[in-house]
Number of protein chains: 2
Amino acid sequence: MSLREKKKLETKNNIFEVSGRLFKEKGFENTTIDEITREVGIAKGTFFNYFPTKGSLLLYFREQKHELIHELLEAEKSKNVPTKEKIKGFLVLLAESYEKDKELTKLFILEYKRYAVHSGFSPDNGNSMHYRFSRILHDFLEEGAENGEIKSTVDLETAAEMLNVVYFHTLIVWLRSENDFPFSRNISAKIDLLFEGIRN
Amino acid sequence: MSLREKKKLETKNNIFEVSGRLFKEKGFENTTIDEITREVGIAKGTFFNYFPTKGSLLLYFREQKHELIHELLEAEKSKNVPTKEKIKGFLVLLAESYEKDKELTKLFILEYKRYAVHSGFSPDNGNSMHYRFSRILHDFLEEGAENGEIKSTVDLETAAEMLNVVYFHTLIVWLRSENDFPFSRNISAKIDLLFEGIRN
DNA sequence: GGTCATTAATGACTGCAGTCATATTTAAGT
DNA sequence: ACTTAAATATGACTGCAGTCATTAATGACC
């Protein structure tokens, strides 16, 4: 790695670290780029060589966080429990990992939503949280379908999409609540409902 | 109504009308307050006497739109069809009403989401789209429960919340698509799935 | 119809995100 | 070591949302 590359990486990490701290301390809106760059010791313009907008920092936070997801996923995939339990376990674990950085998570979930409405979660965007999650959930469901745990008439894409969207909605409500919200029970109830149906 | 009140209403309507037109013509981000006020013939500051932020215009658009909802609702409520069909009918009608102002709808759905993440859809906020919708859906479900169409073990609040969130997600995807997306079939399939469950 | 308090209008001003022409640093070729 | 091209850094500048102290319009009351 050349001197150039080393410096570049270091600058990016510095921006990342400082902005994360400031966002947590004072919130996203109350933190200015000027503040971040002053603290990092770079010029304002330099920031924009690394991140195209202030909001894109949040997408980067999300990406970093999601490196962890695949570990959770592998651990959960190999368990020998019914599909429904696997999905519950995965989503609860995931939420617990978000819980560690509640404030930051709120921010990047919000930013994701903004992005999602503007530009969509198109399949060709490998970094789309929505897409990756739907894929993972779809894999679980497919396994369940192969075992005969799931009705053959169910469209697995649709089911995965619904799990996904219900999950994120619940996550947001949970993140916003002051921890008196029993996330895992709540999401479990919804997954049950989706598996069992509501019709008598 | 006094002269004052008349003028006030007229100014508000003018802002509403001009901004709506400009948003449709050039998009929300590309329309500036200066432009709106110039065209309306008021000073910039006056705008903020009527709407606290640029985004709040979108909430106002939404409110206006939602005056229509209750008409749809009443028509649908009185039909004598199964609960599931009532819900489908209502959601499809609603989507069709959104379709008339696709670009504007996109904007205010986005703004709603932003708002929702920031400040929640608290029950005490009577204007919250989320809350009103959940209430309406809840009413439908309650009727279904009374007729024995719905499992007694199902928590109606949860079911309404899920219908709601799945609906809005689907709506967004549909609004973003270029009309080749069969909304009513898609949302119907999801409602079916939620009613019947996915477990074999 | 004149006085005064209340309500609304005004636009210069502030703060911040994001741009861009210019300057500096790096690395490769000779 | 010198030259040169490419990569990177810089900060003054622009554009826009939102504020606020000041001014104008309105209507209640005598």
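None of the values given here were measured: they were computed from a predicted structure.
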*Whole angstrom value for the distance that separates C1' of D:dT8 from CG of A:Leu3*: 12 Å

*Yes or no on salt bridge (charged side-chain N to carboxylate O under 4.0 Å, His left out) for A:Glu149 and A:Lys84, after CA distance, side-chain angles and deciding distance?*
CA-CA 9 Å; A:Glu149 290 178 64; A:Lys84 197 171 83 170; over 6 Å; no

*Residue pairs, two or more places apart or on separate chains, that pass ring pair (Phe, Tyr, Trp, His ring centres under 6.0 Å) and touch residues 30-52 of chain B*: B:Phe47-B:Phe51, B:Phe51-B:Tyr60

*Of the non-hydrogen atoms in B:Lys151 and A:Glu196, which two are nearest, and what is the gap between them?*
NZ-O, 2.7 Å

*Is the closest side-chain heavy-atom distance between B:Val173 and B:Asn186 below 4.5 Å?*
no

_Please find the pair of heavy atoms, one from A:Leu137 and one from A:Ala160, that lie closest to each other, and give the distance._
CD1-O, 3.9 Å

_Contacts of type salt bridge (Lys or Arg N to Asp or Glu O under 4.0 Å), residue B:Lys44, not counting sequence neighbours_ = B:Asp34

*Expressed in angstrom and rounded to an integer, what is the separation of A:Leu9 atom CG from D:dT8 atom P?*
12 Å

*Under 3.5 Å side-chain donor-acceptor pair for B:Glu161 and B:Ser134*: no

_Interface with DNA chain D, restricted to residues 10-18 of chain A and to heavy atoms under 4.0 Å_ = none

*asked:* Closest-nucleotide mapping onto DNA chain D: is B:Lys7 or A:Gly41 further toward the 5' terminus? I mean the 5' end.
replied: A:Gly41

*For the residue pair A:Ile150 and A:Leu156, establish whether any side-chain heavy-atom pair is separated by less than 4.5 Å.*
yes

*Give me the first and last nucleotide of DNA chain C, going 5' to 3', that has any atom under 4.0 Å from a heavy atom of chain B.*
C:dT6 to C:dG11

*Would you indicate what A:Tyr50 reaches in the nucleic acid, counting non-hydrogen atoms under 4.0 angstrom: base, sugar-phosphate, or nothing?*
sugar-phosphate

_Nearest-nucleotide comparison on DNA chain D, the residue closer to the 5′ end among B:Asn30 and B:Arg4_ = B:Asn30

*Taking the six-membered ring for Trp, are the ring centroids of B:Phe133 and B:His66 within less than 6.0 Å of each other?*
yes

*Please determine, by modelled atom types, if A:Lys190 and A:Thr170 share a side-chain donor-acceptor pair under 3.5 angstrom.*
yes

*Could you tell me which residues satisfy salt bridge (Lys or Arg N to Asp or Glu O under 4.0 Å) with A:Lys24, sequence neighbours excluded, listed by chain and number?*
A:Asp101

_Just to be sure I understand the rule, does B:Lys44 reach a base, reach only the sugar-phosphate, or reach nothing, if contact means heavy atoms closer than 4.0 Å?_
base

*Residues from residues 31-38 of chain B lying under 4.0 Å of DNA chain D - heavy atoms*: B:Thr31, B:Thr32, B:Ile33

